[in-house]
Asks: 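I'd like to ask some things about the structure below.
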Amino acid sequence: MNVDFKEFVAGIVENNAERLGIDLDLSSIRLFERPGFKDAVADASSIFFVDGKDRKNDITLILSNKDFPETVRNACELAISVHQRLDANEQRHVLVPLLEGVYGGQSYAVFSRLESFSKNKALRFAQKRFLQPKIADWLAALAVQTTTYCDTHKEVERAFIEPFEYLAEEIKLPNAIRKFSETYLSADIGTRFQLFTTVHHGDFWSGNILSTRGAFPGFGFLTGDFRIIDWGTARLDGFPCIDIIRFANSSNRNTKAAGQIVRNYADAIEISHEEVALYAMASLGRLGLDRDQFPKSRFLAMTERIFDFLCVNDFA
């Protein structure tokens, strides 16, 4: 960080320490280095860790970049909206900010410090395997508790027909995906299926799953405690299936094992295995239509990868 930017961030931290009534060590401010693919997104925010004088007061600060000053504010609004739609048992897993605001024209949010999966391969494997069924159950509850049925042709057209038209016409996608999309356009899917939308996170991978910090590093995951962060890509009129597919793929080297997790999820929300492909591909078509700052190259690669997963596991 250059000197001016470090002083800017320190100003935010100092202001919020007073609002929270805690002592924070301004000299401890440090930028969290994210995976390179996250920084490829033009509106990516910056994440900082700040130590409290007492460990329980450690915080995480997320700051929008100056070119997209509303990014963090919008993500917080989405997280709070999702939180309010769930019952008390499920909403505790949606991370909402301690404080949020605007400083120097850039929106920011302050969160309690959490911890990510262990960097130790053996422990990280154990954490993910233990947490998988609990995450899958939570995603199923998210879908069930936020279901909105598409009762009109206009709703079906917006949520399903338009996304499949986009996929069918996108010349940079493989022919197999375009033909798959055309099959849904040639059928009356609004009559064939009882279509619905749900809340979906939109970037549901292991890096966005954190746990509260206990006396022993990583222990929170092994007790089933988790918090879902980074709701900036969430949709309140989204789709089931896409989040569980992305999570299963990011947590399993074995594609068949990941497929079984998705099948169990489909059974839990009472949809057919054919509908898994319908909802997953519709969500990708909608992303293609509403990419904003999401790089097209990443969108194309992700669409191919998920379609291959669906084919290998006999969903498509």
Side-chain angles (χ1 to χ4, degrees), residues 37-38 40-42 139 143 150 153 155-205 233-235 237-266 269 271-316:
F37 68 84
K38 299 297 288 183
V41 181
L139 284 172
C150 298
H153 175 73
E155 291 170 340
V156 172
E157 184 174 18
R158 161 71 180 169
F160 295 92
I161 303 302
E162 290 179 4
F164 280 121
E165 285 178 340
Y166 172 81
L167 293 176
E169 295 169 5
E170 176 50 71
I171 61 174
K172 292 186 177 181
L173 287 172
N175 285 336
I177 293 177
R178 297 170 65 190
K179 289 180 179 179
F180 173 88
S181 302
E182 288 170 357
T183 63
Y184 284 113
L185 293 173
S186 63
D188 186 1
I189 58 174
T191 300
R192 185 178 172 191
F193 303 104
Q194 189 176 22
L195 299 172
F196 61 92
T197 60
T198 68
V199 166
H200 81 228
H201 181 277
D203 191 19
F204 204 91
W205 67 296
T233 55
R235 294 190 68 98
D237 59 346
F239 303 85
C241 303
I242 190 65
D243 285 341
I244 190 67
I245 289 172
R246 295 196 66 186
F247 170 67
N249 271 330
S250 74
S251 303
N252 291 272
R253 295 179 181 176
N254 186 315
T255 303
K256 291 293 186 181
Q260 187 58 52
I261 292 171
V262 177
R263 278 187 283 275
N264 292 343
Y265 166 91
I269 67 171
I271 63 171
S272 69
H273 295 173
E274 180 183 4
E275 288 172 282
V276 170
L278 185 156
Y279 286 113
M281 296 306 293
S283 72
L284 291 168
R286 178 51 58 189
L287 173 61
L289 286 166
D290 302 335
R291 279 189 305 109
D292 294 327
Q293 305 307 315
F294 193 88
K296 187 169 185 178
S297 58
R298 278 190 60 204
F299 161 74
L300 295 170
M302 182 171 70
T303 301
E304 289 188 46
R305 185 168 62 252
I306 289 177
F307 184 72
D308 287 345
F309 170 86
L310 294 170
C311 292
V312 167
N313 285 282
D314 300 321
F315 293 115

Asks: Between CG of L278 and CD1 of I271, what distance do you get to the nearest 0.5 Å?
Replies: 8.5 Å

Asks: Specify the closest pair of heavy atoms between A316 and F307, including all atoms of both residues, with the distance to one decimal.
Replies: CB-CE1, 4.3 Å

Asks: Might you work through the side-chain contact (heavy atoms from CB on, under 4.5 Å) test for F204 and L139, ending with a clear yes or no?
Replies: CA-CA 10 Å; F204 204 91; L139 284 172; 3.8 Å; yes

Asks: For the NE2 atom of H200 and the CG atom of D237, what is their distance to the nearest 0.5 Å?
Replies: 8.5 Å

Asks: Using modelled atom types and a 3.5 Å cut-off, is there a donor and acceptor pairing between side-chain atoms of K256 and backbone atoms of V312?
Replies: yes

Asks: Pair E275, L195 - check side-chain contact (heavy atoms from CB on, under 4.5 Å), show working.
Replies: CA-CA 9 Å; E275 288 172 282; L195 299 172; 5.6 Å; no

Asks: Roughly how far apart are Y166 OH and D290 CG, rounded to 0.5 Å?
Replies: 10.0 Å

Asks: To the nearest 0.5 angstrom, please state how far the CZ atom of F294 sits from the CE atom of M302.
Replies: 4.0 Å

Asks: Can you name the nearest heavy-atom pair linking P240 to T198, along with the distance?
Replies: N-OG1, 3.4 Å

Asks: Just by modelled atom types, is the T197 backbone N or O under 3.5 Å from a matching donor or acceptor in the R235 side chain?
Replies: no

Asks: On a heavy-atom basis, which atom in L185 and which in A168 lie closest, and how many Å separate them?
Replies: CD1-CB, 4.0 Å

Asks: Any idea which heavy atoms bring H273 and F315 closest together, and the distance?
Replies: O-CD2, 3.4 Å

Asks: Flag the pair Y184 / F193 as yes when at least one side-chain heavy-atom distance between them is below 4.5 Å, and no otherwise.
Replies: yes

Asks: Check whether any side-chain heavy atom of V262 lies under 4.5 Å from a side-chain heavy atom of F309, and answer yes or no.
Replies: yes

Asks: Rounded to the nearest 0.5 Å, what's the gap from CG on L284 to CZ on F164? Could you check?
Replies: 9.5 Å

Asks: Apply side-chain contact (heavy atoms from CB on, under 4.5 Å) to N313 and Q260, showing your working.
Replies: CA-CA 8 Å; N313 285 282; Q260 187 58 52; over 6 Å; no

Asks: Please round to the nearest 0.5 Å and tell me the distance separating atom CZ of F299 and atom CG of L173.
Replies: 5.5 Å

Asks: What is the minimum heavy-atom distance between E170 and K296, and which atoms define it?
Replies: OE1-NZ, 2.9 Å

Asks: Return a table of donor-acceptor pairs under 3.5 angstrom between the side chains of residues 241-248 and protein atoms on other chains or two or more places apart.
Replies:
| from | atom 1 | to | atom 2 | distance (Å) |
| --- | --- | --- | --- | --- |
| D243 | OD1 | G202 | N | 3.1 |
| D243 | OD2 | H201 | N | 2.7 |
| R246 | NH1 | G202 | O | 3.0 |

Asks: Please report the shortest heavy-atom distance between N249 and A258, naming the atom on each side.
Replies: OD1-CB, 4.2 Å

Asks: Is the F160 ring parallel, tilted or perpendicular to the F239 ring (thresholds 30°, 60°)?
Replies: perpendicular

Asks: Output all residues satisfying side chain to side chain donor-acceptor pair (under 3.5 Å) with E162, sequence neighbours left out; order by chain, then residue number.
Replies: R286

